[in-house]
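Below, read A as the first sequence line, B as the second, and so on, with proteins coming before strands; counting in each chain starts at 1.
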Amino acid sequence: MAEATLATKAGELADKAGELSAGLADLAREAAMTTMAGGGEHLGTSPLVIGLTVLVLAVFVGYHVVWSVTPALHSPLMGVTNAISSVIIVGGLIAALSGGSAVSDVMGFLAITLASVNIFGGFLVTHRMLSMFKKKKR
Amino acid sequence: MSVNLAALLYLVASVCFILALKGLSHPETSRRGNFFGMAGMAIAVGTTLALAPTFDTNLLIVLAGIVVGGSIGTFIAIRVQMTALPQLVAAFHSLVGLAAVFVAVAAFYNPSAYGIGMPGEIRLNSLIEMSVGVAIGAVTFTGSIIAFAKLQGIMSGKPIVYPLQHWINLALGITAVMMVVWLCSSESSIAFWLIVLIALALGTLMIIPIGGADMPVVISMLNSYSGWAAAGIGFTLENNLLIIAGSLVGSSGAILSYIMCKGMNRSFFSVILGGFGGETAAAGGDAGDKTYNQGSAEDAAFLMRNSEKVIIVPGYGMAVAQAQHALREMAELLKEDGVEVVYAIHPVAGRMPGHMNVLLAEANVPYDEVFEMDEINRDFASTDVAFVIGANDVTNPVAKTDKTSSIYGMPVLNVDEAQNILFVKRSMGSGYAGIDNPLFYMDKTRMLLSDAKKMCEDIVKALEQ
C-alpha cells in the first residue's frame with residue numbers, strides 16, 4: 001500500500017520535474033529569441049567559431065563552383081555575385097524593423113535602399129546578358 | 001517564426017545562391033541559375049521580415065526602401081549599354097560597400113537589435129567583427145567609386161602615382177588597427193568613425209595608382225571585397241547566410257582576379273597592393289623606319305572570301321568603335337560563301353572578365369563560335385586568315401620571344417602562326433603597353449588602317465558585290 005502511494009508520488013514528482021524542465025526549455029528559447037543568439041556565454045561553441053567554420057567551408061564551395069564557371073560567362077558571374085552580395089539587405093532589414101532608435105531606422109532605410117538597387121539591378125542586368133547568349137541556328 | 005525555422009530557410013537561400021553560381025557553368029543552364037539566385041534572395045528577405053518582432057510603421061520604411069531602390073536598380077539595368085557594363089558593376093560594388101557601412105553604424109548605435117549587447121556594452125568579439133566589416137565596406141565603397149570614375153572617363157584612366165604611396169597606405173593600415181584597439185577598450189564612437197574615415201581614405205588611395213590595363217583586375221578585386229564586406233557584417237550579425245553568401249562572392253572575385261592576373265602575366269600581389277599598374281615601358285621608338293603593307297577593304301574581302309578558315313580576334317577597340325554588329329554581318333556573309341568563321345577571345349580582352357563574350361553575344365554571335373584562348377590557340381597554324389580588330393598587345397609575339405620586353409611571359413594569341421593576317425587599326429600607334437608589334441611589318445600582314453566599324457562596313461559592301 002505504502003509502496004504504491006510512494007510510486008504514484010514519485011511519478012507525480014517526475015511529471016512535475018518534466019513540466020518544469022519543459023518550462024525551463026521554453027524560457028531558454030525565449031531568452032535566446034530575445035537576444036537573437038545569446039553570445040559567447042551560452043553552452044557549446046562560440047558563434048565566432050561557428051562563423052569561421054561556415055566561412056572556411058563556404059570559401060571551399062565557392063572555389064570549386066567558380067572554377068567550373070565557363071570563362072565566356074565571367075561577366076554574368078560578376079553581375080550575379082554582385083546581386084548576391086547584396087544579401088547584406090538582411091542587416092538593413094533587422095535595423096529598420098527593430099524600432100526604438102532613429103539612427104537604426106535611418107541607417108536601415110539607407111542600407112535597404114542601396115542593397116535593393118543592387119539586387120534588382122544585378123539580377124536584371126545578369127538576365128539581360130544571359131538572354132543574349134544563343135546557340136548557332138542550324 | 002521560430003529561430004530554427006528561420007535558420008533552415010536561410011540555409012535554403014544559401015543553397016540557392018550556390019546553385020546560381022553553379023548554373024553559370026554552361027550558357028544552357030545559366031538562366032535557370034539566375035532564377036535560383038533571385039529565389040534565394042526572396043527567401044532571405046521574406047524570412048527576415050517574418051522574423052521581425054514588430055509589424056508597424058517600420059514596415060513602411062522597409063517597403064519604401066525596397067520600392068525606391070528596386071525602381072532605380074530596374075531602371076538602370078534596363079537602360080545600361082553593354083559597353084558600359086564595367087562601370088555599372090563598379091558602381092554596384094560601391095553600393096554594397098556603403099550598405100555594409102550603414103549596417104555597421106546601425107549595429108554600433110543600436111546593438112540590441114542584433115542581440116550583440118547594449119549601447120556602450122557591446123561584446124568584445126562583436127566590436128572586432130564590426131570594425132572589420134565596416135572597414136572592408138568603406139574600402140570597397142571609395143575604391144569602387146574611383147574605379148567607376150576611371151572607367152566612366154570622369155577621371156584619367158592612367159595610373160596616378162604619388163610619392164611614398166605604400167608607406168602612406170601602411171601607416172593608414174596601422175592607424176586603423178590602433179583605432180580598433182581603442183574602440184575595443186573604450187567603445188568610443190570617435191574611434192568607430194575614425195576607422196570609417198581611415199578605411200574610406202585607404203580605399204581611395206589604393207585604387208588611384210592602379211589603372212590602364214589593370215582595370216579588369218581592379219573590378220574583380222572590388223567584387224571580392226564586396227563579398228568579404230558582406231561576410232564581415234555576417235559575423236557581426238551572427239548570420240550564417242551572410243557569411244556563406246559573402247564568402248561565395250569573395251572567393252569568386254578572388255578567382256577572377258587571379259585569372260585576369262594570369263592573363264597579363266602579372267603577380268597577384270603586385271596588383272592587389274596597388275601602385276604598380278603604370279609600367280609603361282617606352283620601347284616603340286624604332287617604329288618609323290619599318291615598312292608595312294597597307295590593304296583596302298576590297299583586298300580583305302577578296303582574301304577572306306577565298307579562304308577556308310578565318311579566325312576573328314576582337315579587342316576592346318572593337319567595342320569602343322561599336323563595330324560588333326558590322327563585324328557579325330561580315331562573318332555571316334563569309335559563312336554564306338562557305339568560309340568557316342570563328343572568334344578567339346583573350347582572357348583580358350575588354351575591361352572586365354568575359355566582357356568581349358557579352359558584346360559578341362549582344363551582336364547575335366552564337367556562343368559556340370566563340371572560343372577561349374586555350375581552346376583555339378593551336379588552330380592558328382592551320383588558319384588562312386587571322387582578322388585582328390581592336391586588339392594589339394594580346395597578339396604581340398614578342399611576349400613569347402623577347403625576354404627584355406615588359407610583356408614577356410604574357411600569354412598571347414598565336415596570330416603570328418596564321419597564313420595571312422589582317423590587322424584593323426586606326427593608325428600605326430602602339431598599344432596599351434606602349435610596345436611595338438612586329439606583326440605589323442610581316443610580309444603576310446595587311447594593315448587595314450581605318451575606324452573598326454567603317455572598315456567592317458566597307459568589307460561587307462565589298463563582299464556583297
Side-chain angles (χ1 to χ4, degrees), chain A residues 35-37 39 47-48 51 54-55 58-59 62-63 65-66 68-69 71-75 77-78 80-82 84-85 87-88 90-93 95-99 101 103-104 107-121 123-127 129-130 132-136, chain B residues 17 21-22 24-25 27 30-31 34 37-38 44 48 52 54 58 61-62 65-66 68-70 72-74 76-77 89 92 95-96 99 102-103 105-106 109-110 113 115 125 223 226-227 230 233 235 238 240 243-245 247-249 251-252 255 353-355 357-358 361-362 366-368 372:
Chain A
T35 57
M36 296 300 271
L48 180 65
V54 172
L55 176 93
V59 166
Y63 179 85
V65 172
V66 172
S68 76
V69 171
L73 295 179
H74 276 162
S75 283
L77 173 68
M78 294 196 89
V80 86
T81 49
N82 206 325
I84 289 175
S85 61
V87 74
I88 204 154
V90 166
L93 291 172
L97 290 172
S98 66
S101 157
V103 181
S104 176
M107 290 298 144
F109 171 74
L110 292 174
I112 291 169
T113 312
L114 295 181
S116 299
V117 173
N118 240 340
I119 291 171
F120 283 76
F123 281 125
L124 262 174
V125 85
T126 309
H127 181 75
M129 282 190 250
L130 291 175
M132 289 171 188
F133 280 84
K134 289 191 192 85
K135 237 184 158 153
K136 208 185 309 192
Chain B
F17 290 153
L21 300 189
K22 202 168 182 311
L24 291 170
S25 58
S30 58
R31 266 154 282 190
N34 197 32
M38 294 181 199
T48 314
T54 51
N58 282 19
I61 301 179
V62 171
I66 293 178
V68 172
I72 299 173
T74 309
I76 296 173
V89 168
F92 278 170
L95 299 184
V96 179
F102 288 147
V103 172
V105 173
Y109 284 99
N110 190 13
N125 58 351
N223 184 233
S226 73
I233 296 298
F235 272 96
E238 285 163 12
N240 286 341
I243 299 178
I244 294 173
S247 312
L248 288 175
V249 178
S251 45
S252 164
I255 289 173
H355 192 196
N357 300 76
V358 173
E362 191 192 18
Y367 63 78
D368 37 5
E372 302 303 318

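In this structure, A/T81 and B/L21 have side chains that are in contact, with non-hydrogen atoms separated by less than 4.5 Å. At least one side-chain heavy atom of A/F120 sits under 4.5 Å from a side-chain heavy atom of B/I66. Counting heavy atoms from C-beta on, the side chains of B/L24 and A/L130 come closer than 4.5 Å. At a threshold of 4.5 Å between non-hydrogen side-chain atoms, the residues B/E238 and A/P47 count as touching. The closest side-chain heavy-atom distance from A/L73 to B/Y367 is not below 4.5 Å. At a threshold of 4.5 Å between non-hydrogen side-chain atoms, the residues B/S25 and A/V69 do not count as touching.
Per-residue heavy-atom pair counts under 4.5 Å with chain B were compared for A/I84, A/V59, A/L110, and the maximum is reached by A/I84. Looking only at heavy-atom pairs under 4.5 Å with chain A, the residue among B/V68, B/I243, B/I255, B/V358 that has the most is B/I255. When each of B/V249, B/V62, B/V103 is scored by its heavy-atom pairs under 4.5 Å with chain A, the top score falls to B/V249. Counting heavy-atom pairs closer than 4.5 Å to chain B, the top-ranked of the candidates A/A72, A/G51, A/P71 is A/A72. The choice from B/L248, B/I72, B/V96 that makes the most heavy-atom pairs within less than 4.5 Å of chain A is B/V96. Annotation: maximal heavy-atom pairing with chain B below 4.5 Å, among A/L124, A/N118, A/V90, A/V125, occurs at A/N118. Ranking A/N82, A/V66, A/V65, A/L77 against chain B, the residue ahead of the rest is A/N82, based on heavy-atom pairs under 4.5 Å. Of the residues considered (B/S226, B/S251, B/G70), B/G70 shows the highest number of contacts with chain A, using heavy-atom pairs under 4.5 Å. Ranking B/A230, B/S252, B/G227 against chain A, the residue ahead of the rest is B/S252, based on heavy-atom pairs under 4.5 Å.
Within 6.0 Å of atom OH in A/Y63, 12 or fewer heavy atoms from other residues, nucleotides or ligands are found, so the atom counts as exposed in its surroundings.
Between B/A99 and A/L114, the closest heavy-atom pair is N-CD1, 4.0 Å. A/S116 and B/G65 make their closest contact through OG-O, 3.9 Å (heavy atoms, listed as atom of the first residue, atom of the second, distance). Closest approach of A/S104 and B/A106 over heavy atoms only: CA-CB, 4.4 Å. What you find for B/S247 and A/A58 is that their closest heavy atoms are CB-CB, 3.6 Å.
Only the side chain of A/I119 comes within contact range of chain B, with heavy atoms under 4.5 Å apart. Within the 4.5 angstrom heavy-atom criterion, atoms from both the backbone and the side chain of B/F92 approach chain A. Both the backbone and the side chain of B/I61 come within contact range of chain A, with heavy atoms under 4.5 Å apart. Of the atoms belonging to B/E362, heavy atoms from both backbone and side chain fall under 4.5 Å from chain A. Contacts between A/V103 and chain B at a heavy-atom distance below 4.5 Å involve the side chain alone, from C-beta outward.
In this structure, B/N34 contributes its side chain and A/F123 its backbone to a donor-acceptor pair below 3.5 Å. With hydrogens and angles disregarded, a donor-acceptor distance shorter than 3.5 Å links the side chain of B/N58 to the backbone of A/A96. In terms of modelled atom types and a separation under 3.5 Å, the side chain of A/S75 and the main chain of B/P353 share a donor-acceptor contact.
Interatomic distance, NE2 of B/H355 versus CE of A/M78, reported as 11.5 Å (0.5 Å rounding). Interatomic distance, B/F102 CZ to A/I88 CD1, rounded to the nearest 0.5 Å: 11.5 Å.
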| request: I would like to know whether A/V80 and B/F17 meet side-chain contact (heavy atoms from CB on, under 4.5 Å); could you show each step before the answer? | output: CA-CA 9 Å; A/V80 86; B/F17 290 153; over 6 Å; no
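Checking B/N110 against A/S98 by side-chain atom types alone, a donor-acceptor pair falls below 3.5 Å.
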